[in-house]
K.L.:
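One structure, as structure tokens, below. Some questions next.
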Protein chains: 2
Amino acid sequence: MKQGEKTKRHILEQSDKLFYEHGYAHSSFTDIMNATGLSKGNITYHFKNKRAILEGIVAQRMSEIEASFKAWEEKTHTPTERLALFCEMIVEQQGAIESFGCPMGTLTAEFSKNEPELYTLTLPMFNAYRAWLGEQFKELGFKAYDEEAMSLLGRVQGVAMVTHAFKDSDFFRREMERVKEEIKQKG
Amino acid sequence: MKQGEKTKRHILEQSDKLFYEHGYAHSSFTDIMNATGLSKGNITYHFKNKRAILEGIVAQRMSEIEASFKAWEEKTHTPTERLALFCEMIVEQQGAIESFGCPMGTLTAEFSKNEPELYTLTLPMFNAYRAWLGEQFKELGFKAYDEEAMSLLGRVQGVAMVTHAFKDSDFFRREMERVKEEIKQKG
DNA sequence: GTCTATATCTCGATAGAC
DNA sequence: GTCTATCGAGATATAGAC
């Protein structure tokens with residue numbers, strides 16, 4: 001890998017962490033500078049502005065999301081098993097969700113009121129999950145498969161939101177068990 | 001009412017609307033100036049800083065929340081009816097929720113990552129609902145009444161969040177019907 | 001009680017040396 | 001490819017006239 005490419009990845013990695021843990025607006029160029037150990041000038045050499053960094057982050061996340069779908073499909077035989085893996089992925093993030101909420105939900109929520117362009121940029125992540133979950137429910141025979149997908153998304157967003165608001169990981173575990181149970185019953 | 005008190009209320013009212021519709025950080029003194037038609041100096045005469053305005057808003061909202069509990073209790077005879085009124089209150093906010101999310105949830109979410117002092121200031125609103133919902137479930141005979149309260153809070157926060165993210169009021173109506181149905185079955 | 005004017009700070013972005 | 005230096009906008013907050 002070229003040095004430039006390496007630096008770019010380093011900036012994206014650190015910025016993603018900052019944006020998640022402190023929010024996009026609250027993460028300044030100075031913060032990114034400190035987190036990466038690079039100068040401001042060097043960062044803007046690789047990304048012309050903050051928005052460009054966010055675009056890079058979303059592109060990276062989207063490919064990770066698609067990769068996880070692929071991995072889940074290769075590992076399983078039934079939609080029910082795949083939905084269980086989706087839940088497992090969320091359960092694994094317990095600590096981070098308690099501290100910072102859902103990485104996708106909190107980012108989108110930050111933009112939805114005031115930043116239509118950035119909101120449009122992050123929404124595809126939500127839509128990717130919506131579509132994939134929809135496929136699973138479709139395969140399970142649900143006529144209203146999209147509604148089921150949305151409902152599940154709402155369910156887990158609510159769990160993440162309240163877990164974060166109350167910093168309550170007991171609630172998180174309890175509620176994710178309920179969600180998994182509900183999925184089993186639908187399969 | 002004295003003129004000073006009137007001005008104070010006017011500032012709180014307009015600021016609450018601004019903070020809800022655009023977020024706290026995104027609402028500047030200049031915005032409050034424009035929304036109220038008052039000068040910057042006059043606003044800081046009544047509230048020494050932005051935080052003091054938020055404190056006034058939360059105090060106002062808290063008394064409204066307590067007032068709604070009282071009204072619901074006077075209007076009903078059973079906890080199930082009271083929980084239905086709680087849902088009704090949310091359903092009535094459909095348009096605002098689609099556009100701006102939950103007034104309490106989005107405000108708390110904005111502070112939970114970066115502003116511990118403001119987060120501490122807004123959390124009591126959540127706790128008021130948690131406690132009151134808990135009372136209803138307790139009266140219904142649930143041993144784990146607090147868990148039921150939290151679960152319901154998570155449910156509606158998820159609905160509000162996803163409704164706002166996807167700007168989808170059909171999802172909102174559908175899902176709130178489900179929530180109401182679940183409550184009926186518990187009663 | 002209400003106003004104008006201003007001080008000070010932080011941010012994103014840019015220019016140019018090496 | 002990486003750095004330092006600086007600009008200009010917009011934010012909160014304050015001082016003082018009326």
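Chain A is the first sequence line, chain B the second, and so forth, proteins listed ahead of strands; every chain is numbered from 1.
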K.L.:
Tell me which nucleotide among dT2(D), dT14(D), dG12(C) gets nearest to the side chain of Thr44(B).
P.N.:
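That would be dT14(D).
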K.L.:
Whole angstrom is fine here: how far is it from CZ in Phe47(B) over to C1' in dT2(C)?
P.N.:
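Going from Phe47(B) (CZ) to dT2(C) (C1'), I get 15 Å.
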K.L.:
Please report the distance, rounded to the nearest Å, between CG in Asp31(A) and C1' in dT10(C).
P.N.:
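My rounded result for the distance is 11 Å.
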K.L.:
What is the distance, to the nearest angstrom, from the CZ atom on Phe29(A) to the P atom on dG12(C)?
P.N.:
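Distance, rounded to whole Å: 6 Å.
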K.L.:
Is Gly41(A) touching bases, backbone alone, or none of the nucleic acid, heavy atoms closer than 4.0 Å?
P.N.:
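Gly41(A): base contact, heavy atoms under 4.0 Å.
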K.L.:
Both Tyr45(B) and Arg51(A) contact DNA chain C. Taking the nearest nucleotide for each, which residue is further toward the 5' end?
P.N.:
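Result of the comparison: Tyr45(B).
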K.L.:
Taking the basic N atoms (NZ, or NE/NH1/NH2) and the acidic carboxylate oxygens, is any pair closer than 4.0 Å for Arg155(A) and Glu175(A)?
P.N.:
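Looking at Glu175(A) together with Arg155(A), the answer is yes, because their closest N to O distance falls below 4.0 Å.
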K.L.:
Got a donor-acceptor contact below 3.5 angstrom from the Gln185(A) side chain to the Glu182(A) backbone?
P.N.:
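Absent.
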K.L.:
Tell me if a side-chain donor or acceptor on Asn114(B) pairs with a main-chain N or O of His22(A) at a distance below 3.5 Å.
P.N.:
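Yes; judged by distance alone, with no hydrogens or angles, the pair exists.
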K.L.:
Over all strands shown, is Lys50(B) touching base, sugar-phosphate only, or nothing at heavy-atom distances under 4.0 angstrom?
P.N.:
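If one applies the 4.0 Å heavy-atom cut-off, Lys50(B) turns out to touch the sugar-phosphate alone, with no base involved.
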K.L.:
Please figure out whether Gln3(B) or Ala25(A) has its closest DNA chain C nucleotide nearer the 5' end.
P.N.:
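Result of the comparison: Gln3(B).
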K.L.:
Students often get this wrong, so: under 4.0 angstrom with heavy atoms, is Ser28(B) touching a base, only sugar-phosphate, or nothing?
P.N.:
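Sugar-phosphate only.
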K.L.:
State whether Thr7(B) places a side-chain N or O below 4.0 Å from either non-bridging phosphate oxygen (OP1 or OP2) of dG1(C).
P.N.:
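No, no such contact exists.
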K.L.:
Report yes if at least one side-chain N or O of Asn42(B) is closer than 4.0 Å to OP1 or OP2 of dC3(C); otherwise report no.
P.N.:
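Answer yes for this pair, as a side-chain N or O of Asn42(B) is under 4.0 Å from OP1 or OP2.
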K.L.:
Fit a plane to each ring of Trp132(B) and Phe86(B), take the angle between them on a 0 to 90° scale, and name the class: parallel (under 30°), tilted (30 to 60°) or perpendicular (over 60°).
P.N.:
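Tilted.
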K.L.:
Under 4.0 Å: is that the gap between some side-chain N or O of His46(A) and OP1 or OP2 of dT2(D)?
P.N.:
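Indeed, a polar side-chain atom of His46(A) lies that close.
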K.L.:
What is the distance from CE of Met33(A) to C1' of dA13(C), rounded to the nearest Å?
P.N.:
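So the two atoms are 14 Å apart, to the nearest Å.
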K.L.:
Starting from C1' on dT14(D), measure out to CG on Asn49(B) and report it in whole angstrom.
P.N.:
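The answer, rounded to whole Å, is 12 Å.
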K.L.:
Does the pair Lys180(B)/Glu177(B) count as a salt bridge with the N-to-O cut at 4.0 Å?
P.N.:
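A salt bridge is present here (some side-chain N lies under 4.0 Å from a carboxylate O).
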K.L.:
Calculate the interatomic distance between Ile11(B) atom CD1 and dT2(C) atom C1'; express it in whole Å.
P.N.:
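Atom-to-atom, Ile11(B) to dT2(C), this comes out as 11 Å.
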